[in-house]
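Right, one structure below, let's go through it.
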There are 2 protein chains.
Amino acid sequence: MTTTSPQGRTELLRPDGSPVRVLVVDDELSITELLSMALRYEGWQIRSAGDGHGALRTAREFRPDAVVLDMMLPDMDGLSVLGRLRRDLPDVPVLFLTAKDAVEDRIAGLTAGGDDYVTKPFSLEEVVARLRGLIRRTGAADRRSDSVLVVGDLTLDEDSHEVTRGGDGIHLTATEFELLRFLMRNPRRVLSKAQILDRVWSYDFGGQANVVELYISYLRRKIDAGREPMIHTRRGAGYLIKPAAS
Amino acid sequence: MTTTSPQGRTELLRPDGSPVRVLVVDDELSITELLSMALRYEGWQIRSAGDGHGALRTAREFRPDAVVLDMMLPDMDGLSVLGRLRRDLPDVPVLFLTAKDAVEDRIAGLTAGGDDYVTKPFSLEEVVARLRGLIRRTGAADRRSDSVLVVGDLTLDEDSHEVTRGGDGIHLTATEFELLRFLMRNPRRVLSKAQILDRVWSYDFGGQANVVELYISYLRRKIDAGREPMIHTRRGAGYLIKPAAS
DNA sequence: CCCCAAGCTGTGATTTCTCTGAGAAACCCA
DNA sequence: TGGGTTTCTCAGAGAAATCACAGCTTGGGG
C-alpha cells in the first residue's frame, strides 16, 4: 500500500496500514544514527543494533520488514548473521553495507536472492531508494507500487534508471540521476543546497557546497535544454522542480 | 491540529489540544531570551537551557515537541547533545543554530533526518517559520496542516515559496517574502515598523529603520499594483494587510 | 489653509548569490 | 594499461538583492 501525504511525498505502508519496520545493524554509532534519522523521516519504524548478537535478538522480537546490515561487525561475520537471520525470518530482504574495496563477487552471490547492497560511503538517497526497492519487490508493502516518478512530462524510473522528458530518453550520470530523483520525490518544494548535499552526496563528502550548483547546471542542460524550464532557483533559499505548465 | 485565534492567527496545537512544547538551547542568554519571547508569542510552551547537560536534563522531563539547539555549547559538542537527545526522544525534530561561517563543514548530515538549521544572525520570522515547518512535517502537530497562507485572493505557500494574487504568480525576493509572510500571519492587525524590523530582519541589523518603508513599497508594487490595495498604512502606527473587499 | 512630520520612492553603490567554463584528478571498462 | 567518462575545484562573469540617501508627496493638526 502506498499513500500520499499532503506534501506530495509517497509513503510505503504494510498491508495492514501500519508503518514499515526496518532494522539497522552497524557497529559505528554515527552510521546507525544517520540511517535511523533518515529512515524514520521516511515514515518507517526503526530499530538499530551494534553487533550480530544484538541484531539477531532484536530481529526476533521486532520482526522487521527489511534489514540494513553492515558486513563488518565486531562479534560475528556478516554471513553468519545473515544465515541465522534467515532462520528466523526467511523472507526478510537485506540491504548489505560493505566497504568499497570488499570482495564484490561474494556480495554478488548474496544479492542473487533478491537482496541488494550499497558501498560505504553511501548517500542517503541511495540507501533509501534501494530499501524502497527491496520492500516493494518482496511485497512487504501491500500492492507493488510503481517505481516511476512523474513530474509534468518528465519521468524517472527508479528500477531501470531511465529518464525521459516529453518521450525523449535522457542519459544521466549517477550523481545527476540521484539529484533528479531527490528533486522529483519532492516536487514543488524548495530544497536548500544543504538539504540536497546531505541527501544526495555521501555522508563523508567534505567538498564545496557549490557542487550542487554545478550539478543543477548539468541537469538543466539535459532536461530543460530548449524547453520550458522545470528546475527553478529560489535565490537565497534553494531549488525546486515543478511541471512546466504553471 | 490547527486552530484559529480571535485575532486571526493560526496556531499549531498537539493532537490532544495542548500547546506545542519547544526547548531552546543556547549559551547566550540574550538569544534564549529573544527566542523564548518570540516563540511564546506563537502560543507555544517554552523551556530553555544554557548548556548540553542542562538541555538533556530538561528534555527528559519536559518532553518537547521540537528543540532549537545551538551547535556551539560550552560543555559539549552539539553533535553529542544531538546523539544523546535522540536516545531519549527519537523523533523530536531539531532546529540547529550555527554561525554563518561554520555552515559548510559540520552541517553535513544534519538536515538529512528532516531536521533543519538557520545561521546566526537569524531573523525571528525565519526561526518561527522553520520550526513550524519541522513540527508540521514530523507530525507532532496532529493532522499535517497545510503550508499555505491565504488572505483574500492572495496566497503564500511556505513550502514552494510561491505567492499568487488572483491566481497570478508573483515573484518575491527573500526579504519581500518574509515580510509578506509576517503580514499575512497577522492579517487585519496593525504592525509597527519596529515590530516588523524585529521580526523580519536579523537581530543584529544595524541599518536605517526606513528599510521597512522601502520593502513595503516594493511589496505594494508587486501585489497591489493596479488592483484594490491590500496593504494599508496607519500613519503613526504601522501597516496592516487585509482582504481587498472590506 | 498651511506646515511639518511621516511616509514614499527613484537612484545608484555595494554586497551577495548563482552560473558556468576550464581543467585536474579519480574512476571505470575493456 | 589507456582512453573515455565522471566528479569536483577554482575562479571569473553576471545577475540579483539589499540598503543608504535624498528629495518628493501626503495627511492631518492647528
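A note on names: the letters A, B, ... follow the listed sequences, proteins ahead of strands, and every chain is numbered from 1.
- Pairs engaging residues 163-184 of chain A under the ring-ring contact (aromatic ring centres under 6.0 Å, His included) rule: A/His161-A/Phe177 [sequence neighbours left out].
- OP1 or OP2 of D/dT18 lies within a sub-4.0 Å distance of a side-chain N or O belonging to B/Thr173.
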When the side chains of residues 28-40 of chain A are checked against the rest of the protein, which donor-acceptor pairs come out under 3.5 Å, sequence neighbours left out?
unit_1  : atom_1 : unit_2   : atom_2 : d
A/Glu28 : OE2    : A/Lys120 : NZ     : 3.3
A/Thr32 : OG1    : A/Leu29  : O      : 2.9
A/Ser36 : OG     : A/Thr32  : O      : 2.6

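- Here D/dT6 presents its P atom at 13 Å from CG of A/Leu219, a figure rounded to the nearest Å.
- Residues satisfying the salt bridge (charged side-chain N to carboxylate O under 4.0 Å, His left out) test with B/Glu125, not counting sequence neighbours, are B/Arg181, B/Arg185, B/Arg199.
- Judged by closest nucleotide on DNA chain C, B/Glu213 is the one of B/Glu213 and A/Tyr218 placed further toward the 5' end.
- No option in B/Leu79, B/Val94, B/Thr98 other than B/Leu79 meets the side chain to side chain contact (heavy atoms under 4.5 Å, CB included) test with B/Leu110.
- For the side-chain contact (heavy atoms from CB on, under 4.5 Å) test, residues two or more places apart in sequence or in another chain that qualify with B/Glu176 are B/Leu172, B/Thr173, B/Tyr215, B/Tyr218, B/Leu219, B/Lys222.
- When the salt bridge (charged side-chain N to carboxylate O under 4.0 Å, His left out) test is applied to B/Asp204, no partner is found at least two apart in sequence or on another chain.
- Every residue two or more places apart in sequence or in another chain that forms a salt bridge (charged side-chain N to carboxylate O under 4.0 Å, His left out) with B/Asp116 is listed here: B/Arg130.
- The phosphate of D/dC8 (OP1 or OP2) has a side-chain N or O of A/Trp201 nearer than 4.0 angstrom.
- The closest side-chain donor-acceptor pair between A/Thr233 and A/Arg220 falls under 3.5 angstrom.
- Every residue two or more places apart in sequence or in another chain was checked for a salt bridge (charged side-chain N to carboxylate O under 4.0 Å, His left out) with A/Asp27, and none qualifies.
- Nucleic acid contact for A/Phe177: none, since no nucleic acid atom lies under 4.0 Å from a heavy atom of the residue.
- In this structure, B/Thr175 has no side-chain hydrogen bond (donor to acceptor under 3.5 Å, both in side chains) partners at least two apart in sequence or on a different chain.
- Contacts of A/Thr164 classified as side-chain contact (heavy atoms from CB on, under 4.5 Å), with partners at least two apart in sequence or in another chain: A/Thr155.
- In 5' to 3' order, the nucleotides of DNA chain C bounding all contacts with chain A (an atom under 4.0 Å from a heavy atom) are C/dT16 to C/dG21.
- Rounded to whole Å, the distance from CG on B/Leu180 to P on D/dA17 is 16 Å.
- Atoms CD (A/Glu178) and P (D/dT6) sit 15 Å apart, rounded to a whole Å.
- Direction of the helix axis in the helix from C/dC1-D/dG30 to C/dA30-D/dT1 shifts by 30° between the two five-pair termini, rounded to 10°.
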Can you build the contact string for nucleotides 21-30 of chain D? Use B for base contact, S for sugar-phosphate-only contact, and - for no protein heavy atom under 4.0 Å.
BB---BB---
